[in-house]
Number of protein chains: 2
Amino acid sequence: MADSTRPPTPPGSPRGPEPRYGNRPTMKDVAARAGVGLKTVSRVVNGEPGVTPDTERRVQEAIESLGFRRNDSARVLRKGRTASIGLVLEDLADPFYGPLSRAVEEVARAHGALLINGSSAEDPEREQELALALCARRVDGLIVIPAGDDHRYLEPEMKAGVATVFVDRPPGRIEADVVLSDSFGGARAGVAHLIAHGHRRIAFIGDQPRIHTAVERLRGYRAAMEDAGLVIDDSWVALGSTAPERVQEAVKSVLAGPEPVTAIFAGNNRVTVTAVRVLAGHDQRVALVGFDDIELADLLGITVIAQDAAALGRTAAERLFRRLDGVNDEPSQVALETVLVPRGSGEIPPPS
Amino acid sequence: MADSTRPPTPPGSPRGPEPRYGNRPTMKDVAARAGVGLKTVSRVVNGEPGVTPDTERRVQEAIESLGFRRNDSARVLRKGRTASIGLVLEDLADPFYGPLSRAVEEVARAHGALLINGSSAEDPEREQELALALCARRVDGLIVIPAGDDHRYLEPEMKAGVATVFVDRPPGRIEADVVLSDSFGGARAGVAHLIAHGHRRIAFIGDQPRIHTAVERLRGYRAAMEDAGLVIDDSWVALGSTAPERVQEAVKSVLAGPEPVTAIFAGNNRVTVTAVRVLAGHDQRVALVGFDDIELADLLGITVIAQDAAALGRTAAERLFRRLDGVNDEPSQVALETVLVPRGSGEIPPPS
DNA sequence: ATGAAAGCGCTAACAA
DNA sequence: TTGTTAGCGCTTTCAT
């Protein structure tokens, strides 16, 4: 009865495909070892009541000596909840998404859930592939930072009960909760700041136009210029990849020619970083305001429109868990405020 | 036969605990809908051969109209492999770990696996809790950046077949693969660099002494000083939390008194950032070399010992998958080289 | 080419 | 307090 080895092959039963998991012990093994029933082991493992201290001790001993660990896959299969949520973001290596992901993780942890995150690398197909893989693993909920602009592929999943919240950018062609930063308002305020400091020729260098935030920020730029009665020259606006080479090109371009811009509004942190590098090598002082705060921007005197990445993540996660707790109201749309942080670069006056 | 609804409650069978998953369709449902056997659906879903094009089409239609998605939990239960690996790190919001995690993710992706990562927040208990939770979910492998110094709790898991690789810091009281940066050599080179530029009184401000890299870097500092025949004053060395307040205090302290240090070696990126801030407000110019590269450090002219976080992650992940592919040699220990990047702050001479 | 039946490890329901 | 049974959704085996 108290045999510590498991029969290598349950005789008479079709054996598994291959030596799985180096033969992990199961509750059945623990039960045999402790000389109790299967359900009793289950009770002990899950801290359910109705087990005498003595039995519990015996079971615990068996667990330890066998090195048993509950198989959550089996548990999930039975219970229907995985206590895990998925986060699809663009790139974990981007300093903007790290804090966002961490904030989501903390909320998940507070709800006893694990976070699985994956990077879409700004590729819509990969976004879809990832999101669906997470659904196949039956995450209870999904937080998505869209790379693509059509999320109808998530409809069956959402109908099937996968709570879904979009962050940073709105979903395409589907109704769902969204948590955004006020890109339009932030950009408008930033550009207005430059105008207030005397600038009239201001460039906008941003991300690719299929990205919602890029378009919104451009819209904010246009609004601020229009508010001031300024006409935008097409050559001042450059949307595209945020790869350093492209941005470098764009910055140099708006600074060239007989009538260069005197100020630049950078559409996100990647653009700002490269712009700062280019401007550092430029002979003329050029004003700069960037969207997104950056580490050490204070020391470099970079004026920014700061958004709170952690707050974005936290808000989205809280919304998600509210849904998982059964709240079933209309899809909501939240826009978090941005903050203008003047540090010097945005207050440089135009050359007189 | 081609009925699109599933009986709400399988009659005569004890029904499940609650309306699971908003009633997700299963292969059985798809089979009924398509008028084929269960196994045929399985074949189609998994792209196995032995299905006529016509049958396949019917099954595909049923899948789409039902919004079926394979339940990977059930699959895992049968197959024994989850095609997922776990990564336990310190803090995803730290710009050092973002790229590391991303690199691991890419390798995992190349091997068809998903990455689940969690932050230990530098808390040994939380590290263990997380690692074991990942094991309960039967990740195929585990990459751990240790917070604690005793990893015997992983022994049963490793015995049970969970491939395990440690990164950035070695494991405690257990034999396993490790991928490190050469902290000792890097710190030694950095401090030697300061000495070569004329410094004699050099401070070391680092992380908590229970963290391996902190100790190694301190050892490198001591070695460089000794190489130069310099005696270290105890007041020059400060180990502890990397919270800005603590570091600020430490920096101010080594710069105070009648014989302040003329140079500082910062033990990691968090320390460097705060040190730079403090030094920016200091009237005397003080040399600084920091361990870890930092974004925009080039513009601020910060001399650093750079380690390649992505390479650490990549190397560890490759090692892990080699193990998962069945390679079973001795635990290996790899140390990646660091690079001294002179940018100005490390070349400031002592005041004469 | 297709399907029926067994069972992966666990929990829910129901005895005992 | 404890154990027995059925079945979660899938894959495997073996028959047809």
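Computed from a prediction, not measured in an experiment: that's the story for all the values here. Residue numbers begin at 1 in each chain, while the letters A, B, ... track the order of the sequences.
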### Summary
Regarding the side chain of R70(B), the nearest nucleotide among dC10(D), dG3(C), dT11(C) is dC10(D)

### Query
Hey, which of these two, K39(B) or A74(B), hits DNA chain C nearer its 5' end, going by closest nucleotide?
K39(B)

### Message
Test your reading of the model: is there a side-chain donor-acceptor pair from E127(B) to the backbone of A147(B), 3.5 Å cut-off?
### Response
yes

#### Entry: Pairs satisfying salt bridge (charged side-chain N to carboxylate O under 4.0 Å, His left out), at least one member in residues 106-121 of chain A, at least two apart
R102(A)-E106(A), E106(A)-R126(B), R109(A)-E129(B)

### Query
Residues in ring pair (Phe, Tyr, Trp, His ring centres under 6.0 Å) with F68(A), at least two apart?
none

### Task
Please report, rounded to the nearest Å, how far the P atom of dT13(D) is from the CG atom of L38(B).
16 Å

## Note on the structure
the helix from dA1(C)-dT16(D) to dA16(C)-dT1(D): angle between terminal helix axes, five bp per end, to the nearest 10 degrees, reads 30°

### Task
Flag the pair D72(A) and R138(A) as a salt bridge only when some basic side-chain nitrogen lies within less than 4.0 angstrom of an acidic carboxylate oxygen.
no

### Message
Does R78(B) contact dG9(D) through a side-chain donor or acceptor facing the base, at a distance under 3.5 Å?
### Response
no

### Message
Without decimals, in angstroms, what is the distance between K28(A) NZ and dT4(D) P?
### Response
12 Å

### Message
Can you say whether a donor on the side chain of R43(B) sits under 3.5 Å from an acceptor on the base of dG3(C), or the other way round?
### Response
yes

### Task
For D72(B), answer base if it contacts any base atom (sugar-phosphate contacts may also be present), sugar-phosphate if it contacts only those atoms, and nothing otherwise; contact means non-hydrogen atoms under 4.0 Å.
nothing

### Summary
Those residues at least two apart in sequence (or on a different chain) that pass ring pair (Phe, Tyr, Trp, His ring centres under 6.0 Å) with F166(B) are H151(B)

### Query
Would you say T40(A) reaches dT2(D)'s phosphate, i.e. side-chain N/O to OP1/OP2 under 4.0 Å?
no

### Task
Send over the distance from L77(A) CG to dT11(C) P, rounded to a whole Å.
11 Å

### Task
May I ask you to list the residues of residues 48-59 of chain A, by number, that have any heavy atom positioned under 4.0 Å from an atom of DNA chain D?
G50(A), V51(A), T52(A), T55(A)

#### Entry: Contacts of type side chain to side chain donor-acceptor pair (under 3.5 Å), residue D54(A), not counting sequence neighbours
R57(A)

### Task
Check the distance between dC10(D)'s P and R137(A)'s CZ and give it to me in whole angstrom.
14 Å

### Query
Is the count of non-hydrogen atoms from other residues, nucleotides or ligands lying under 6.0 Å from D149(A) atom CG greater than 12?
no

#### Entry: Ion pair D140(B)/R323(B), N-O distance below 4.0 Å
no

### Summary
N71(B) CG to dC10(C) C1', in whole Å, measures 14 Å

